[in-house]
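Just so you know, ligand 1 is whichever comes first in the structure, and atom 1 is the first atom listed for that ligand.
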Amino acid sequence: MAVTMEKIVSLCKRRGFIFQSSEIYGKLNACYDYGPLGVELKRNVKETWWRAMVYENENIVGLDAAILMHPKVWEASGHVEGFHDPLVDCKNCKQRFREDEIDPEKLAKRQCPVCGAKDALTEPRQFNLMFKTHMGPVEETASQIYLRPETAQGIYVNYKNVMDSSRLKIPFGIAQIGKAFRNEITPGNFLFRTREFEQMEMQYFVKPGEDEEVFEHWKARRMAWYESIGIRKEKLRFHQHGKDELAHYAKKAFDIQYEYPIGWKELEGIHNRTDFDLSRHQEYSGKDMTYFDDVSRERYLPYIIETSAGCDRTLLTVLVDAYDEEQLEKETRTVLRLDPKLAPVKAAVFPLVNRDGMPEIARKITEDLKKEYIVFYDESGAVGRRYRRQDEAGTPFCITVDSQTLQDDTVTIRERDSMKQDRMAMNGLSIELKKRICKSE
Ligand code: GAP
């Protein structure tokens, strides 16, 4: 079964994971809204990342910086000067492209990759990807500011505040999850490249000279995290940036790539940013950004190892990786084999039929389980159809109240992937669910 982006888009809309932004007005390109299941899945992705990065590391703390920052931040960071993509237009079909994404042979002939016209591409223009806006009531006199294109800078400008207030000593890390905005020239492929997205970034401050070892450590840790959320190992790989690919701030960079339906692409970047950012902020702000090591009595600018993941891109990866179509005897079953800890709904509860007191018992089970898990009660339609709906939503467990329940207080619990059903006592459900969800942790 080949998963396509179209299948994912269609399932996401059908089941309420993701909708196109402003759909009734003909949509806003490259922006998406998360529906009831999508928002839960996204919360679970973020929660799992936060737990792995902040709660499980004594020397990593969290931050939530403002999206709007002083415009000088983006001068210091190099984004005003260097955050450009080379833009070319086809004079024939009027389409627009990033020059660096055009096949080199076609580019040499200035040939349009879509309509094929030769000598049709304009000279490249440098296009800054930052969204601009104004702060203050009168546009002409107000200062021009930017919507942040990465969350990282909020961490760098706060590093001393965080370090001093939390009494941290190098090495330590600061983690942040938040929105970023890029006026991408070629957005597309659903959530893969959008203009508004969320990043999950961690900046680790180290002594120069210790950066290489720490880089290798985080490279391995980040790869292990993707496997821990159920992504298939064979679909993940590292890609080292060549000299021509390195961002202006990086000495060394590796991407974690995933094999999407559109090919191997970046999922997360791990960068050795050296002291580039802190030295630039020191220069532009005139504030001392050095660290004083009170044991060795040395003063230095820390190096930064960055792990930068896209939340929406992770969510897309999780969906693509989990999507399956299974051929059964009489039908094809679409199933999202989501890791139970990420699944938006942990269990669905059904009365087999809507009589003999079964709905009342099923509702009581739902109410009890709701205190701990997101559960969903459903009594509409044939039970087989209810199972299928939950399979598509990625719900790992379905609990059914049937006629035997009326006699001995047992229910069936059906596992999504194997469709295997076990019978168990109703009053042990909460513990059983915990066991089965934790098994994936
Ligand atoms: N602070 C470093 C930084 O922002 P990046 O490689 O430009 O590095 C990091 O971005 C991650 O953010 C990417 O690996 C990707 O997951 C996500 N990302 C970047 N641009 C994106 C976009 N337009 N849409 C969705 N996710 C994006």
Side-chain angles (χ1 to χ4, degrees), residues 5 18 21 29-32 34 42 45-46 49 63 65 67 69 73-74 76-79 82-85 98 100-101 127-131 146-157 173-204 215 218-219 222-223 225-226 231 236-241 245-258 260 262 264-274 276-278 280 304-320:
M5 233 27 136
I18 295 149
S21 165
N29 201 17
C31 297
Y32 290 92
Y34 286 82
K42 198 174 191 193
V45 166
K46 289 196 249 184
W49 184 87
L63 180 76
I67 288 172
M69 301 181 75
V73 167
W74 305 110
S77 70
H79 283 82
F83 198 46
H84 294 107
D85 275 344
R98 263 172 65 174
D100 54 347
E101 284 181 346
F127 176 78
N128 195 292
L129 302 183
M130 282 196 293
F131 278 100
Y146 302 97
L147 301 187
R148 67 180 176 199
E150 62 171 8
T151 56
Q153 300 301 326
I155 295 182
Y156 305 147
V157 300
I174 305 177
Q176 176 168 221
I177 299 177
K179 290 264 185 182
F181 303 83
R182 295 183 190 177
N183 199 1
E184 299 279 3
I185 301 170
T186 50
N189 290 311
F190 195 33
L191 299 180
F192 185 80
R193 185 169 286 118
T194 54
R195 294 197 168 111
E196 173 177 342
F197 54 97
E198 269 186 282
Q199 289 188 312
M200 307 187 290
E201 295 197 309
M202 193 278 295
Q203 314 292 329
Y204 204 74
F215 186 89
W218 280 108
K219 230 180 92 190
R222 293 304 305 143
M223 182 62 102
W225 183 75
Y226 288 105
I231 299 193
L236 293 163
R237 73 177 187 194
F238 285 115
H239 162 76
Q240 180 165 17
H241 282 209
E245 286 172 279
L246 279 176
H248 61 275
Y249 50 74
K251 160 178 148 188
K252 186 175 182 183
F254 272 80
D255 290 339
I256 294 179
Q257 293 187 331
Y258 180 82
Y260 297 94
I262 49 170
W264 286 96
K265 300 270 178 207
E266 171 183 348
L267 166 58
E268 162 162 351
I270 299 148
H271 311 125
N272 184 342
R273 298 182 70 129
T274 68
F276 175 83
D277 302 276
L278 293 184
R280 293 274 291 198
I304 292 170
I305 305 300
E306 169 183 66
T307 70
S308 177
C311 177
D312 314 79
R313 207 175 279 185
T314 302
L315 191 137
L316 173 66
T317 311
V318 161
L319 287 172
V320 166

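Relative orientation of the H241 and H239 rings is tilted, given thresholds of 30° and 60° on the angle between their planes.
Within the set E150, Q199, Q153, the minimum heavy-atom distance to atom 10 (O) of ligand 1 is found for Q199.
Ligand-side atoms of ligand 1 in range of E201: 1 (N), 2 (C), 3 (C), 4 (O), range being under 4.0 angstrom from any heavy atom. Within the listing of ligand 1, atoms 1 (N), 2 (C) sit less than 4.0 angstrom from a heavy atom of E306. Within the listing of ligand 1, atoms 24 (N), 25 (C), 26 (N) sit less than 4.0 angstrom from a heavy atom of F192.
Ligand 1 has at least one atom lying under 4.0 Å from a heavy atom of H271. Heavy atoms of L267 approach ligand 1 to within less than 4.0 angstrom.
A donor-acceptor pair under 3.5 Å is formed between the side chain of H248 and the backbone N or O of S77.
F192 carries R313 over the face of its six-membered ring, with the cationic atom under 6.0 Å from the centre and within 45° of the normal. Figure legend: cation-pi geometry between K219 and F254, with NZ or CZ positioned under 6.0 Å from the six-membered ring centre and within 45° of its axis.
Under the 4.5 Å side-chain criterion, counting only non-hydrogen atoms from C-beta, Q203 is in contact with E306.
For Y249, every heavy-atom contact with ligand 1 shorter than 4.0 Å involves the side chain, none the backbone. The proximity of E268 to ligand 1, defined as any non-hydrogen pair under 4.0 Å, is limited to the backbone. Only side-chain heavy atoms of R273 come within less than 4.0 Å of ligand 1; its backbone N, CA, C and O stay farther off.
Checked against side chain to side chain contact (heavy atoms under 4.5 Å, CB included), A180 has the following partners two or more places apart in sequence or in another chain: F197, Q199. With sequence neighbours excluded, no residue forms a salt bridge (Lys or Arg N to Asp or Glu O under 4.0 Å) with R195.
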